[in-house]
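Bear in mind that the values here come from a model prediction, so they are computed numbers and not experimental data. So you know, we letter chains A, B, ... as the sequences are listed, proteins then strands, and number each from 1.
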Amino acid sequence: MSINFYNTLSRRQEEFQPLEEGVVKMYTCGPTVYNFAHVGNYRAFVFEDLLRRYLEFKGLRIIQVMNITDVDDKIIKAANQKGISIDEFTEPYRQAFMEDLATLGVEPAEYYPLATEHVSDMVALIETLLEKGIAYKTEDGSVYYKVAKFPRYGQLANLNVTEMRRGKRVADDSYEKEEVRDFALWKAWKPEDGDVFWETALGKGRPGWHIECSAMSMKYLGQHFDIHTGGVDNIFPHHENEIAQSEASTGEKFVNYWLHCEFLLMNDEKMSKSLGNIVYLRDLVKKGYHPAAIRLTLLGTHYRLKLNFTFEKLEESGKIITRLRDFKKSLEGEFPVGDLRVAEITRKCVTDFTTALDDDLNISNALAALFTFMHEINSFRLTNPLSQVDAQAINALLDRIDSVLNILKEPAEEFSIEERQLIDARNKARQERNWAEADRLRKLLLDKNIVLEDTPKGTTWKRKL
RNA sequence: GGCGACGUACCCAAGCGGCUAAGGGAGCGGUCUGCAAAACCGUUAUGCACCGGUUCAAAUCCGGUCGUCGCCUCCA
């Protein structure tokens, strides 16, 4: 069975066919590290993680590159204001980004290239564009891309650039260029840049934003690779410009499949700094929201749909995870020897799960397959005790599914001495049939987010997510 | 002005011309339990923003209206 993706380039769903058998080369646009990334940013990274993990689930080897943009106008300005180097300025944000990815259970990419460490690659690419007459130098020493030389410009964004309205932002651009739509490849040094510059064959200056992705993607993945992703706001101008730069320089097709993730909304508006409706991952974790619940919230809505972020969704996700983990836990321990009788149920689950994700990562149907599976197993075991091989088969399937979702792994739960004492005291009261005291302690523990469950095998306890 | 996405139950959400409109959360009734919790069983849309049209058949296709959100050189 083949995977199908909605390709922004063709505006339709296409069967995925990697250039090289069994290997997927993908470039996922990373963060600009001038601040902490917010949960809206992380939606895209979690989507890319789902994409990556599902391709691996299908048996493909992944080579993923995620750039870290550690030089741009805002970074230079902020670093100069603080009187520190851009490296010192971005370091804590680079670190925080990696920590956040780990918190969200994102599988690491093979490469996280820094823009500042690839300036020579960018300069080489710009030189090629200058040689081919696609780029031009202005009096101040900056280099621009001549959009008029690239007839396909606008194909990805489906924009007719010559009829574009002059946006506010264009007027703000202080650099001189021949046409409004031309964009900067190299920005000549200006006094306000301070110490931030590179002495190169192009002169003293620094690279434009778009060129880093062209240079670094082609360096690690080759001139023509499989998948390129980002948020929908990257479609134009960023990805459009990447295509223009790369294809004009190599004469080859740049990327086969462009996948774009929709926005996360907060109060029905795009979550963004300028609107001031930002939520940071670390703040959510501090507030007690479980990372897996945050991951599921970001993961649980199809990537091409806008996702309205609410605390209700986080709580709902927490409940779902609790339910799934309880189910998994119920499969631990000894089971009687016997035949495999759940084969039909597991087989159906695998089919439904893969059919769903093959269809442009239809996560809703994939999760529905998992819930239906859990329901069917629970229903089955009510009258047919599971055998050891049944339990093994179910566990194996859950692990396989979780290699994609990554929400089931239970971190070792730690309880304080005080909490343990309360649990013991409650068990003692219960043994003594002192129900009033047992209930009081159970309520006390619940207020501490510890849930007690009395089962025929004894009392279990866990933290509420 | 140009381009695009979306509107399905109390909430989230699947659906891609044809079975009783998936699944989850929440609520309600029941089984189990010292009582709970979990689990299980049952239940909650004669209707898919609205108005027309095509068709034997429309949530699904076409046209229009309304509403929400986004992109148009910082943006995941």
Options [options], nucleotide nearest the side-chain atoms of [X]:
{"X": "A:Asn41", "options": "B:A76, B:G24, B:A5", "value": "B:A76"}
{"X": "A:Ser364", "options": "B:A22, B:C35, B:C40", "value": "B:A22"}
{"X": "A:Pro237", "options": "B:U73, B:C71, B:A14", "value": "B:U73"}

Using a heavy-atom cut-off of under 4.0 Å over every strand shown, decide if [X] touches base, sugar-phosphate, or nothing.
{"X": "A:Lys319", "value": "sugar-phosphate"}
{"X": "A:Gly230", "value": "sugar-phosphate"}
{"X": "A:Lys306", "value": "base"}

Hey, is A:Phe371 doing a stacking thing with B:G23, by the 5.5 Å centroid and 30° angle criteria?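 No, A:Phe371 does not stack on the base of B:G23, since the centre distance and plane angle fail the 5.5 Å and 30° test.
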
With rounding to whole Å, what would you report as the distance between [N] and [M] at their [atom1] atoms?
{"N": "B:U44", "M": "B:G34", "atom1": "C1'", "result": "32 Å"}
{"N": "B:A38", "M": "B:G29", "atom1": "P", "result": "15 Å"}
{"N": "B:A58", "M": "B:U20", "atom1": "P", "result": "14 Å"}
{"N": "B:C32", "M": "B:A37", "atom1": "P", "result": "15 Å"}

Side chains of A:Thr229 and A:His260 in contact at under 4.5 Å (non-hydrogen atoms):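 No, their side chains stay 4.5 Å or more apart.
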
Provide the Watson-Crick or G-U wobble partner of B:U60, both distances under 3.5 Å; none if there is no partner.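 Paired with no nucleotide.
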
Between the side-chain atoms of A:Arg442 and the base atoms of B:A36, is any donor-acceptor pair under 3.5 Å?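 Answer yes: a donor N or O sits under 3.5 Å from an acceptor.
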
Calculate the interatomic distance between A:Asn158 atom CG and B:G70 atom C1'; express it in whole Å.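 Atom-to-atom, A:Asn158 to B:G70, this comes out as 15 Å.
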
